[in-house]
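As structure tokens, the structure follows; a few thoughts come after it.
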Amino acid sequence: MVKIRLKKFGTKKRPCYRIVVQDSRKPRDGTTIEEIGTYDPIAEGEQFSINEERAKYWVSVGAQPTDMVRKLFSTKGLNK
């Protein structure tokens, strides 16, 4: 199954995340199909950017967002 989930990068105690489309059997930081956005929880105002067109495409072809990504989508109005 293909999932839309967070891929961690950044330094220790200062995480940043990329929103990626990835096979659910791959490890969190493994190879991805496509990167569609970023999320920085530490930055003021929780910086979040996403390519809305690609996110809608992946959801339409059956990719399942994880719980955290679903919450981020709802802040942008990308609910299923």
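Counting begins at 1 with the first residue of the sequence.
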Item to complete: Among residues two or more places apart or on two chains, list those pairs meeting side-chain hydrogen bond (donor to acceptor under 3.5 Å, both in side chains) that have a residue in residues 2-16.
Response: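 Every pair satisfying side-chain hydrogen bond (donor to acceptor under 3.5 Å, both in side chains) with a residue in residues 2-16: Arg5-Gln22.
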
Do the non-hydrogen side-chain atoms of [X] and [Y] ever get within less than 4.5 Å of each other?
X: Thr66; Y: Ile4; value: no
X: Ile33; Y: Val20; value: no
X: Ser24; Y: Val2; value: no
X: Tyr39; Y: Ile50; value: no
X: Thr32; Y: Val21; value: no
X: Met68; Y: Tyr17; value: no

Going by salt bridge (charged side-chain N to carboxylate O under 4.0 Å, His left out), name the pairs with one or both residues in [range], residues two or more places apart or in two chains.
range: residues 58-68; result: Asp67-Arg70
range: residues 24-33; result: Asp23-Arg25
range: residues 53-66; result: Glu34-Arg54

Item to complete: Determine the minimum heavy-atom distance between Leu72 and Phe48, stating which atoms define it.
Response: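 Heavy-atom minimum between the residues: O-CE2, 3.4 Å.
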
Fill in: Heavy-atom closest contact (Pro41 atom, Pro15 atom, distance)
CD-O, 3.8 Å

Item to complete: Examine Val61 and Val69 and state if one hydrophobic cluster contains both, with Ile, Leu, Val, Met, Phe, Trp and Tyr joined whenever side-chain heavy atoms are less than 4.5 Å apart.
Response: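 Yes, one cluster joins them.
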
Worksheet item: Would a hydrophobic clustering, with Ile, Leu, Val, Met, Phe, Trp and Tyr connected at side-chain separations under 4.5 Å, put Phe9 with Ile42?
Response: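 No: no chain of side-chain contacts under 4.5 Å links Phe9 to Ile42.
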
Fill in: Nearest-0.5 Å distance, CG of residue Leu6 to SG of residue Cys16
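Result: 11.5 Å between the selected atoms.
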
Discussion item. Please enumerate all residues that pass side-chain hydrogen bond (donor to acceptor under 3.5 Å, both in side chains) together with Asn51, with sequence neighbours excluded.
Written reply: none

Worksheet entry | Listed partners of Glu52 passing side-chain hydrogen bond (donor to acceptor under 3.5 Å, both in side chains), at least two apart |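 With sequence neighbours excluded, Glu52 shows a side-chain hydrogen bond (donor to acceptor under 3.5 Å, both in side chains) to no residue whatsoever.
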
